[in-house]
Amino acid sequence: MRKIALITGANKGIGFETARQLGKLNYTVLLGARDENRGQAAASTLKGEDIDAFFIALDPTNASSVANAKKTVEATYGLLDVLINNAGLFLQEDSGLASQIPTQVLRDTYDINVFGLHEVVRAFWPLLIKSKAARLVNVSSGLGSLSLHADGMFPEIQAIGYNSSKAAVNMMTLHYAAIWKNTPHRANAIHPGSVKTDMNKNGELSVEEGAKTSVDLATIGADGPNGGFFHLGKRMPW
Ligand code: NAP
């Protein structure tokens, strides 16, 4: 039987390519997207590549949209094997001196990157634990690493909303993973790399390379890690 994978923000960018790569590995892929037209178009592109792909209306920032998506997955499949929390936002207005960034920029960023992610985890958790071996992948960022910032790795980048939201994602991942200690389930955070997408026009990696770490952690076996932070097979510093 095919495993069932749900990817949020899958209508484009890294999420879309993650769905494609998992689909090519014979997973049934549910492409979560907030916009029906964009989501349907993405799913039909993958169907055209012989992938078992379906659009699912899912806006992580809207609790009733999340609840409806959960009901649909429950009624159709009864469980969920893989959840990839990929939807995310980096606002232009977040660039500049941290002390000057409007609080609303942080609110809008946290709404999807942090609160939306948790809403999706909360809703789908009962379906994940029905899987024999659930895989939860949270798409974080190297910019969320407290230790890289403390070591002065990002002197020129000031994006207090985005960076702190991804630091929160890392901490949340450790909390989810702690629940799954000594179980067959695994929860990990990943850094996709600097990937050329609408979010990052100057990205260095292709979306194919950018999706690889999500796919790796979604497909780890029983000996795979739980509660780690990874990029292309290597551990990232928290
Ligand atoms: P992208 O091409 O801009 O795609 C972002 C996806 O998230 C889209 O499907 C978008 O939906 C969805 N999304 C954004 N804001 C949303 C909101 N408020 N509510 C619901 N959905 C929303 O970006 P990407 O580069 O592929 O990013 C994917 C993930 O990788 C993000 O979590 C990002 O933080 C992370 N990441 C990216 C890079 C990079 O270099 N690209 C580096 C590190 C981490 P719409 O199309 O409807 O807007």
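Values in this document were obtained by computation on a predicted structure and should not be read as measured data. We count ligands from 1, going down the list as the structure has it; atoms in each ligand are counted the same way.
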So Phe90 and Leu143, side chain to side chain contact (heavy atoms under 4.5 Å, CB included) or not? Walk me through it.
-> CA-CA 11 Å; Phe90 188 141; Leu143 293 173; 4.2 Å; yes
Distance from atom 41 (N) of ligand 1 to nearest protein heavy atom, with residue and atom = Val195 O, 3.1 Å
The one among Pro60, Pro192, Ala87 that brings a heavy atom closest to atom 43 (C) of ligand 1 = Pro192
With a 4.0 Å cut-off on heavy atoms, does Lys196 reach ligand 1?
-> no
Where ligand 1 meets Gly13 - atom numbers and elements under 4.0 angstrom, heavy-atom basis | 2 (O), 26 (O)
Quick note on ligand 1: atoms under 4.0 Å from a heavy atom of Asn200 include exactly 39 (C), 40 (O), 41 (N)
Using a strict 4.0 Å cut-off to heavy atoms of Ser141, name the atoms of ligand 1 that fall inside it.
-> 43 (C), 44 (C)
Among the heavy atoms of Asp35, does any lie under 4.0 Å from an atom of ligand 1?
-> no
Are Gly193 and ligand 1 in contact, using a heavy-atom cut-off of under 4.0 Å?
-> yes
Which residue supplies the protein heavy atom nearest to atom 48 (O) of ligand 1, what is that atom called, and how far is it?
-> Arg34 NH2, 2.8 Å
Best match, Leu205, Thr197, Ile190, Ile84: closest heavy atom to atom 24 (P) of ligand 1 | Thr197
Under 4.0 Å from one or more heavy atoms of Ser194, ligand 1 contributes atoms 40 (O)
Shortest protein heavy-atom distance from atom 1 (P) of ligand 1, along with the residue and atom involved = Lys12 CE, 3.8 Å
Using heavy atoms and a threshold below 4.0 Å, how should the contact between Asn86 and ligand 1 be classified: side chain, backbone, both, or neither?
-> both
Atom 6 (C) of ligand 1: which protein heavy atom is closest, and how many Å away?
-> Gly9 O, 3.8 Å
Distance from Asn113 atom CG to His118 atom NE2, nearest 0.5 Å?
-> 15.0 Å
Side chains of Leu106 and Ile160: does their closest heavy-atom pair fall under 4.5 Å?
-> yes
Measure the distance from atom 35 (C) of ligand 1 to every protein heavy atom, then report the residue, atom name and distance (to 0.1 Å) of the closest one.
-> Val139 CG1, 3.6 Å
Does a salt bridge link Lys212 with Glu208, judged by any charged N lying under 4.0 Å from a carboxylate O?
-> no
Do Val207 and Ile190 share a hydrophobic cluster (ILVMFWY, side-chain heavy atoms under 4.5 Å, transitive)?
-> no
Can you tell if the side chain of Ser164 reaches within under 4.5 Å of the side chain of Tyr110, non-hydrogen atoms only?
-> yes
Out of curiosity, Leu127 CG to Lys71 NZ, how far, rounded to the nearest 0.5 Å?
-> 12.5 Å
Numbered atoms and elements of ligand 1 in range of Arg38, under 4.0 angstrom, heavy atoms = 45 (P), 46 (O), 47 (O)
Same hydrophobic cluster for Ile129 and Ile4, using side-chain heavy-atom links shorter than 4.5 Å among ILVMFWY?
-> yes
Starting from atom 13 (N) of ligand 1, locate the nearest protein heavy atom and write down its residue, its atom name and how far away it is, to 0.1 Å.
-> Gly88 O, 3.9 Å
Short side-chain to backbone donor-acceptor contact, Thr61 and Ile112, under 3.5 Å | no
Test item: Tyr162 and Leu89 side chains (from C-beta on) under 4.5 Å apart, heavy atoms | no
In the single-linkage hydrophobic clustering (I, L, V, M, F, W, Y; side-chain heavy atoms under 4.5 Å), do Leu80 and Phe54 co-cluster?
-> yes
Can you list the atoms of ligand 1 that are under 4.0 Å from a heavy atom of Asp59?
-> 19 (N), 20 (C)
With a cut-off of 4.0 Å, which atoms of ligand 1 are near a heavy atom of Asn11?
-> 8 (C), 9 (O), 11 (O), 45 (P), 46 (O)
Structural part of Met199 in contact with ligand 1, heavy atom criterion under 4.0 angstrom | both
Under a 4.0 Å N-O cut-off, is there an ion pair linking Glu17 with Arg20?
-> yes
Provide, to 0.1 Å, the distance between atom 26 (O) of ligand 1 and the closest protein heavy atom, together with that atom's residue and name.
-> Ile14 N, 2.8 Å
Could you give me the CA-CA distance, side-chain angles and deciding distance for Asp59 and Ser65, then say whether side-chain hydrogen bond (donor to acceptor under 3.5 Å, both in side chains) is met?
-> CA-CA 6 Å; Asp59 180 346; Ser65 163; 5.8 Å; no
Can we say Lys12 and Asp198 salt-bridge, meaning some charged N sits less than 4.0 Å from an Asp/Glu carboxylate O?
-> yes
Can you tell me if Ser140 has a non-hydrogen atom under 4.0 Å from ligand 1?
-> yes
Closer than 4.0 angstrom: is that true for some heavy atom of Tyr162 and an atom of ligand 1?
-> yes
